[in-house]
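Worksheet: one structure, shown below.
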Amino acid sequence: MRYQVLVDRSERINKCTILPLADHPDMDIVRYHRGRPIPALLGDMLLHPDGVSIDALALEQRQGVKVLSAIDCTWKRLGSVLRLVEEPLPRLVKIPPGFVTAYPRRNKQNRDPEVGLATIEAVFIAAAFLGHWDETLFSHYAFGQAFLDLNRGTFLDYGVERPVTVLPESLVSPVTFC
């Protein structure tokens, strides 16, 4: 699975959960300028708070997704950024309820919604629902393990689990006790 994320050019790397992943082999980060047109998104799905809940999609609708798109911006700017994106937009999907962020929120104006996720958390959840549990997305995210710990039960409630790696029998050596 590939990920395409639009990130404002003014975003600072020390505050952004996506920019540190610029060297991730499956991540395509598109930096945009406010007020300038943005090329069409390549994703089969776009994370958006008004989309269809990704858990409500039939399995066959989830299986064919090759590219997941997201926009890394504040809630209040999402609409204005989307108006700059060349149409058609990918299918809009949202994260199902119940997930909580591990990202420490600090807002002097108290304008953050009561619920909300860091962009990298939302991308991880969507990828997991699409059958790609990709912990490499948290390789530069200091709160990745805390996020997984906080949401372990929620993933299980939705039937989304971390895959278990099973070694082929040819790689498993018998144990001999003396």
Side-chain angles (χ1 to χ4, degrees), residues 1-97 99 101-103 113 115-141 143-144 147-148 151 155 158 160-163:
M1 165 161 276
R2 296 201 46 81
Y3 312 98
Q4 179 192 39
V5 183
L6 296 181
V7 179
D8 189 319
R9 282 208 181 270
S10 66
E11 186 73 39
R12 296 188 323 232
I13 194 165
N14 63 330
K15 297 264 184 183
C16 184
T17 63
I18 296 295
L19 289 177
L21 291 169
D23 62 347
H24 190 287
D26 297 323
M27 183 69 65
D28 179 22
I29 298 172
V30 178
R31 302 295 299 266
Y32 67 89
H33 292 279
R34 289 184 210 170
R36 292 190 188 167
I38 301 170
L41 296 171
L42 304 174
D44 302 301
M45 293 182 175
L46 170 63
L47 290 176
H48 189 284
D50 295 331
V52 174
S53 187
I54 200 164
D55 69 310
L57 297 175
L59 186 58
E60 59 272 2
Q61 292 176 302
R62 290 190 245 165
Q63 288 180 329
V65 177
K66 292 179 176 59
V67 180
L68 175 66
S69 294
I71 299 173
D72 184 42
C73 69
T74 62
W75 290 80
K76 68 180 182 179
R77 284 205 322 251
L78 181 59
S80 62
V81 172
L82 269 179
R83 285 190 288 279
L84 297 173
V85 176
E86 185 180 314
E87 294 194 1
L89 292 176
R91 180 178 193 159
L92 302 182
V93 295
K94 68 180 176 182
I95 302 302
F99 290 95
T101 187
Y103 191 86
V115 295
L117 300 164
T119 302
I120 197 59
E121 294 170 343
V123 168
F124 178 87
I125 294 168
F129 273 85
L130 295 170
H132 300 276
W133 187 279
D134 188 356
E135 290 184 35
T136 67
L137 293 172
F138 292 145
S139 62
H140 297 288
Y141 182 52
F143 311 104
F147 172 79
L148 293 171
N151 291 286
F155 278 113
Y158 283 106
V160 177
E161 298 184 47
R162 176 187 210 171

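Start at 1 with the first residue, then count along the sequence. Only heavy atoms go into these numbers, but all of them, side chains included; no hydrogens, no water, no symmetry mates. Worth saying up front: this structure is predicted, and the values here are computed from it rather than measured.
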Q) With distance as the sole test, does T17 use its side chain to make a donor-acceptor pair with the main-chain N or O of A118 at under 3.5 Å? A) no
Q: Determine whether D8 and R34 make a side-chain contact, defined as any pair of heavy atoms from C-beta on separated by less than 4.5 Å.
A: yes
Taking only distance into account, with no hydrogens and no angle test, what donor-acceptor pairs under 3.5 Å do side-chain atoms of residues 40-48 form with protein atoms, sequence neighbours excluded?
unit_1 : atom_1 : unit_2 : atom_2 : d
D44    : OD2    : K66    : N      : 2.7
D44    : OD2    : V67    : N      : 3.0
H48    : ND1    : D50    : N      : 2.9

Q.
Ignoring hydrogens, what is the shortest heavy-atom contact between V65 and Q61? Give both atom names and the distance.
A. CG2-O, 3.9 Å
Q) What are the two closest heavy atoms between I95 and A122, and how far apart are they? A) CD1-O, 3.4 Å
Q. Quick one: side chain to side chain contact (heavy atoms under 4.5 Å, CB included) partners of R9, sequence neighbours excluded?
A. R31, H33
Q. Looking at residues at least two apart in the chain, or sitting in another chain, which of them share a salt bridge (charged side-chain N to carboxylate O under 4.0 Å, His left out) with R62?
A. none
Q: Not counting sequence neighbours, which residues clear side chain to side chain contact (heavy atoms under 4.5 Å, CB included) with P20? List them please.
A: I13, H140
With a cut-off of 3.5 Å and sequence neighbours excluded, list every side-chain donor-acceptor pair involving residues 80-94.
unit_1 : atom_1 : unit_2 : atom_2 : d
S80    : OG     : R77    : O      : 2.9
R83    : NH1    : G79    : O      : 3.4

Q | 4.5 Å side-chain heavy-atom contact, F147 and F124 | A | yes
**Q.** F143 and F138 aromatic centres sub-6.0 Å
**A.** no
Q | Nearest heavy atoms of I29 and L21, plus distance in Å | A | CD1-C, 4.0 Å
Check residues 125-135 and write down every donor-acceptor pair under 3.5 Å in which the side-chain atom is one partner and the other belongs to a residue at least two apart or another chain.
unit_1 : atom_1 : unit_2 : atom_2 : d
W133   : NE1    : E135   : OE2    : 2.8
D134   : OD1    : T136   : N      : 3.2
D134   : OD1    : T136   : OG1    : 2.3
D134   : OD2    : Y3     : OH     : 3.0
E135   : OE1    : R162   : NH2    : 3.0
E135   : OE2    : R162   : NE     : 2.7
E135   : OE2    : R162   : NH2    : 2.9

Q.
Show the nearest heavy-atom pair for residues C73 and Y32, with the distance to one decimal.
A. CB-OH, 3.8 Å
